[in-house]
Amino acid sequence: MAATATKLSDWLRKIVLYQEDVKDEHGAPPAVPAVRATVAAVIRNPWLGTGPGEVLAGQAEAVAPHLARALSDRLKAALGGAEEIEAFGKAAIVGTAGEIEHGGALIHTPYFGNLFREFLEGESIICFADSRSDAGQALIVPMWHKHAPATRSHYQTIAARVSDGPRPDEIVVIAAASTGPRPHARIGDRKTDQVVTAEKLEHVFA
Amino acid sequence: MKIRKVVTVIEEISQEGGRAVSPAARVAIVAAVIENPWAGQGFVEDLSAGIDATASDLGALLAPAVLAALGTPAEAYGKAAIVGLNGEVEHGSALIHTLKFGDHFRKAANATTLLPAVEKRATAGTIFDIPLKHITDATIRSHHQSVEVRIDDAPHADEIIVALAAASQGRPQQRLAALSTEQ
C-alpha cells in the first residue's frame with residue numbers, strides 16, 4: 001500500500017546547517033579550495049514504541065523523501081548548487097529509545113538515498129555513518145566523490161552534531177557534501193598506485 | 001590576520017515544547033578560526049598593535065556574513081572569543097571587547113546595545129554557548145537566549161575562535177512577563 005501524503009512539519013523539530021570554509025591548512029591555502037557542510041534534521045522517531053517485528057517500509061516511504069528534499073535543498077543553497085558539489089555522504093543518529101535499524105530505514109532505502117543522489121546530481125553509492133546516542137554526541141560523517149567513489153582525493157569527513165538532539169524519542173538525519181577534495185590531497189590514486197602484495201614488500205618486512 | 005577557516009552554523013527551530021514555531025526561529029553563527037596575533041610572544045604588555053591589526057578586519061568579515069546567514073533582520077545578537085590553550089583569555093577579550101570589532105555588527109544590524117559575550121580558554125572541540133540579547137534594549141526579557149557551538153578541530157593551542165551570533169527573534173516559545181511588570 002502506498003504511503004499517504006505527509007508533511008515534514010509533522011515530524012520535524014529543527015534543522016541545523018554546519019559549514020566549513022577552509023582558507024588555510026597547515027600553513028598553506030588549499031590548492032583546490034573546498035567548502036564542506038552538513039545539514040541535520042531532528043525528527044520524531046516514526047517507529048517509537050514498536051518492536052523488532054515492525055515493518056519499516058511504510059513510514060520510510062512517508063518520511064524519508066521529505067528529509068532528502070529538505071536536506072538537499074539546504075546543502076545546495078549553502079554550497080552554490082548541485083553543480084558545485086563534488087562529494088557527498090549521509091548519516092543518522094538514533095535516540096536511545098530507538099533502534100539503529102530505524103535510522104537505516106530513513107537513510108539506507110531508495111526513499112532517501114535515490115532522491116538525495118538525484119537532487120545532488122550524482123551517481124555513486126552514498127557512504128554513511130550511523131550511531132545511537134544521547135543528544136549532543138558528534139558523529140563523523142564520511143564523504144566520497146559523487147560520480148566516482150574511488151577518487152581518493154575526495155575521501156574526507158566532517159563532524160556533525162546537534163546540541164540538544166537526538167532526544168531518546170528522536171532521530172537526527174544528516175546529509176553532508178563538499179565542493180572539492182581534501183585541502184592538500186597528495187596520496188596518489190588507483191591509477192598511480194604500484195601493485196602492492198606482501199611478496200613485493202618483503203624488503204619492508206625484512 | 002591569518003584565518004584558517006570560517007565556520008557557519010544556522011539553526012532553524014520549527015517546533016519547541018511540542019508546539020509548532022511558525023515561522024521557524026532562526027539563529028546564525030559565523031566563526032573565524034584565526035592565528036592568535038600574540039602567539040609565541042610571551043607576555044605582551046600592550047595589546048593595542050595586535051588589536052589594531054585584527055579586530056576591525058574581523059568585525060568587517062563576520063558582521064555581514066552572520067546577517068547574510070540569518071537571512072532575516074536580527075533582533076538579538078552576541079559574540080564569542082575562544083582562546084587556544086597557549087594563549088590568554090585577555091587575547092580573546094582584546095579582539096572582541098573593542099568598538100573596532102563590535103561597531104561593524106551594530107552598524108550592520110542597526111543595533112545600539114552592548115554585545116553580550118563569552119570568553120574562555122579551551123581545547124579544540126570545546127563546546128561554548130554564545131549569549132544573545134536584544135539589539136536595541138538589553139532588558140527585553142523575551143530575547144535573552146543562548147546558542148551552543150562546537151568546532152571539531154579548533155581552537156588549536158595558538159589559535160583563537162572569534163564568533164558572532166544573531167537571532168531572528170526571541171526564544172521560540174517565550175512567554176515570560178516583561179521586566180517592567182516586576183518593577
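Residue numbers start from 1 in every chain, and the chains themselves are labelled A, B, ... in the order their sequence lines are given, proteins ahead of strands.
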query = If contact means a heavy atom pair closer than 4.5 Å, which residues of residues 69-105 of chain A contact chain B?
reply = A:Arg74
query = Among residues 159-177 of chain A, which residues come closer than 4.5 Å to chain B, judged by heavy atom distances?
reply = A:Ala159, A:Arg161, A:Ser163
request  = Please name the residue in the list A:Gln19, A:Glu20, A:Gln156 that meets the side chain to side chain donor-acceptor pair (under 3.5 Å) test with A:Arg36.
outcome  = A:Gln156
Rounded distance (nearest 0.5 Å) linking atom [atom1] of [X] with atom [atom2] of [Y]:
X        : Y        : atom1 : atom2 : result
B:Leu95  : B:Ile161 : CG    : CD1   : 13.0 Å
B:Leu58  : B:Lys100 : CG    : NZ    : 13.5 Å
A:Leu56  : A:Leu106 : CG    : CG    : 9.0 Å
A:Arg117 : A:Ile126 : CZ    : CD1   : 4.5 Å

Within the structure provided, determine whether [X] and [Y] are in side-chain contact (heavy-atom separation under 4.5 Å).
X        : Y        : value
A:Arg190 : A:Arg152 : yes
A:Leu8   : A:Leu67  : yes
B:His97  : B:Lys79  : yes

key: Toward chain B, the part of A:Ile140 with a non-hydrogen atom under 4.5 Å   = side chain
Contact leader toward chain A among B:His156, B:Glu35, B:Arg4, where contacts are heavy-atom pairs under 4.5 Å = B:Arg4
key: Choice from B:Ile127, B:Asp152, B:Val6 maximising heavy atom contacts with chain A below 4.5 Å   = B:Val6
task = May I have the step-by-step check of side chain to side chain contact (heavy atoms under 4.5 Å, CB included) for A:Lys146 and A:Glu121, ending in yes or no?
result = CA-CA 8 Å; A:Lys146 72 175 184 180; A:Glu121 300 173 10; 4.2 Å; yes
Near [X] [atom1], under 6.0 Å, is it more than 12 heavy atoms from other residues, nucleotides or ligands?
X        : atom1 : answer
B:Glu90  : CD    : no
A:Gln194 : CD    : no
B:Lys2   : NZ    : no

inquiry  = If I compare all heavy atoms of A:Pro33 with all of A:Thr179, which pair ends up nearest, and what's the gap?
reply    = O-OG1, 4.3 Å
task = Check whether any side-chain N or O of A:His184 sits under 3.5 Å from a backbone N or O of A:Ala28 as a donor-acceptor pair, and report yes or no.
result = yes
request  = Indicate yes or no for a side-chain donor-acceptor contact from B:Asp46 to the backbone of B:Ser48 under 3.5 Å, with no hydrogens or angles considered.
outcome  = yes
query = Which one of A:Val42, A:Val35, A:Val22 has the most heavy-atom pairs closer than 4.5 Å to chain B?
reply = A:Val22
request  = Determine, step by step, whether B:Val118 and B:Asp129 satisfy the side chain to side chain contact (heavy atoms under 4.5 Å, CB included) criterion, reporting the C-alpha distance in whole Å, the side-chain angles of both residues, the deciding distance to 0.1 Å, and the verdict.
outcome  = CA-CA 7 Å; B:Val118 57; B:Asp129 294 302; over 6 Å; no
request  = Could you tell me whether B:Arg106 and B:Asp103 have a side-chain N and a carboxylate O separated by less than 4.0 Å?
outcome  = yes
query = Which of residues 137-151 of chain B get closer than 4.5 angstrom to chain A, counting heavy atoms alone?
reply = B:Glu148, B:Arg150, B:Ile151
remark   = Listed by number, the residues in residues 10-24 of chain B that come under 4.5 Å of chain A (heavy atom to heavy atom) are B:Ile10, B:Glu11, B:Glu12, B:Ile13, B:Ser14, B:Gln15
key: Parallel, tilted or perpendicular: ring planes of A:Trp144 versus A:Tyr155, cut at 30 and 60 degrees   = tilted
